[in-house]
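Here's the structure we're looking at; comments come further down.
Worth saying up front: this structure is predicted, and the values here are computed from it rather than measured.
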Amino acid sequence: MAATQTAPAPTVAPTTAPSPATTRSLLTVAVVAQPLWALVALAQAATRDGYDITRHPLSALANGSLGWIQITNFVLAGVLTVIGAGGLRRALRGTPGGTWAPRLVRISGIGMIAAGVFVMDPADGFPVGTPDGMPAALSWQSYAHFAAGSVTFTALIAACYVLGRHFSRAGLRRHAVGSRVAGTALLLGNGWAMGGGTAGTLTLAVGVITAMVWISSVAARYRKAL
């Protein structure tokens, strides 16, 4: 009678849980990324000759001899946002919105990088020496910048609303309301600006910075919980 051979048991690779230290580091990047962009942009808005935040979008700061500062600001903040989204993905894993909120934050970071690479045309008297009003024809780079901005704004708005659902399901009502307020601030600010409303560039700046700071505060909350 032939001897029977027992097949070796399959080897199962051990699963490694995400390191809390790595998650904390990634969340720190998420905390810093977008407020850094806002601080650098607002500092330039307050000091650049001829710039008026009620007439010019913060993106216009990428023009002129000092435009490299805002270009670098866009690209650096975008890269940091993409990296920081990894921390949010780890912190929110397995929760409602835990897949899409980090994914949308990452998309907003990619949009910021593109907005830095493609610079909008000088317009409406900025930089100094530029004729008032919009140029007769826009360059392809300007159209690419507007498209990148639309991606960034849409992703930020959606991320805030997804986080609103996340916090609502977790029973954190104040955080849920804060998320929805932040998303709505950007939605209305962008809509007012696109509709040609008075001081639309200012309402857009307020909306963008509100949404950015909220994403940063969410990252800070989960970093503190680790």
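Considering CG of N190 and OG1 of T152, their distance stands at 10.5 Å, rounded to 0.5 Å. Rounded to the nearest 0.5 Å, atoms CD1 (I157) and OG1 (T184) are 8.5 Å apart. Atom CG of residue L92 and atom OG1 of residue T99 lie 9.0 Å apart, to the nearest 0.5 angstrom. Within the model, atoms CH2 of W100 and CD1 of I107 stand 6.0 Å from one another, a figure rounded to the nearest 0.5 Å. A distance of 5.0 Å separates CZ in R48 from CG in L66, rounded to the nearest 0.5 Å. To the nearest 0.5 Å, atoms CG (L61) and CD1 (I71) are separated by 11.0 Å.
Counted within 6.0 Å of CG on D49, heavy atoms from surrounding residues, nucleotides or ligands total 12 or fewer; the atom is thus considered open.
Here the side chains of M120 and S139 are not in contact, with every heavy-atom distance at 4.5 Å or above. Put simply, the side chain of L76 reaches to within 4.5 Å of the side chain of L36, judged on heavy atoms. At a threshold of 4.5 Å between non-hydrogen side-chain atoms, the residues F74 and Q70 count as touching. Taking 4.5 Å as the limit, some side-chain heavy atom of I83 sits within range of a side-chain heavy atom of L26. Residues R103 and R89 fail the side-chain proximity criterion, which asks for heavy atoms closer than 4.5 Å. L187 is not listed as a side-chain neighbour of F153, based on a closest heavy-atom distance of 4.5 Å or more. Considering only heavy atoms from C-beta on, L186 comes within 4.5 Å of L204 through its side chain. Looking only at side-chain heavy atoms (C-beta outward), H145 and V119 stay at 4.5 Å or farther from each other.
In terms of heavy-atom proximity, M134 sits nearest to A123 at SD-CB, 3.8 Å. Heavy-atom minimum distance, L104 versus A159: CD1-N, 3.6 Å. Scanning all heavy atoms of the two residues, the minimum distance from M112 to A77 falls at CE-CB, 3.6 Å. Considering every non-hydrogen atom in both T54 and L202, the closest pair reads CG2-CD2, 4.2 Å. The two atoms that bring L27 and A91 nearest to each other are CD1-CB, 4.3 Å, heavy atoms only. Here the shortest heavy-atom pairing between A211 and C160 reads CB-SG, 4.1 Å.
L163 and L172 fall within a single hydrophobic cluster, where Ile, Leu, Val, Met, Phe, Trp and Tyr side chains are chained together by heavy-atom contacts under 4.5 Å. A single hydrophobic cluster is not seen to contain both W68 and L58; linkage of ILVMFWY side chains at heavy-atom distances under 4.5 Å, directly or through other members, places them apart. With hydrophobic clusters built from ILVMFWY side chains whose heavy atoms lie under 4.5 angstrom apart, V213 does not share a cluster with L188. Both V218 and Y161 belong to a single network of hydrophobic side chains, linked directly or stepwise wherever heavy atoms of I, L, V, M, F, W or Y lie under 4.5 Å apart. Note: the hydrophobic cluster containing I215 does not contain V181 (ILVMFWY, side chain heavy atoms under 4.5 Å, direct or indirect links).
Partners of S150 by side-chain hydrogen bond (donor to acceptor under 3.5 Å, both in side chains), not counting sequence neighbours: none found. Remark: W140 pairs with F118 by the ring-ring contact (aromatic ring centres under 6.0 Å, His included) rule, at least two apart or across chains.
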Practice item. Start with the C-alpha distance between L156 and Q34, add both sets of side-chain angles, then the distance that settles side chain to side chain contact (heavy atoms under 4.5 Å, CB included), and finish with yes or no. Key: CA-CA 11 Å; L156 278 175; Q34 301 194 24; 3.7 Å; yes
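Counting only residues at least two apart or in different chains, side chain to side chain donor-acceptor pair (under 3.5 Å) contacts with residues 211-221 comprise H175-R221, S179-W214.
At distances below 3.5 Å, at least one donor-acceptor pair connects side-chain atoms of S108 with backbone N or O atoms of V105. At least one donor-acceptor pair closer than 3.5 Å links the side chain of H56 to the backbone N or O of D124. Using modelled atom types, no side-chain atom of Y51 and backbone atom of Q44 make a donor-acceptor pair closer than 3.5 Å. A donor-acceptor pair under 3.5 Å is absent between the side-chain atoms of T154 and the main chain of V151, judged by distance alone.
No donor-acceptor contact under 3.5 angstrom links the side chains of T23 and Y222, judged on distance only. The closest side-chain donor-acceptor pair between T201 and R55, if any, does not fall under 3.5 angstrom.
Screening V32, T81, V208, L80 for a side chain to side chain contact (heavy atoms under 4.5 Å, CB included) involving W37 leaves a single residue, V208.
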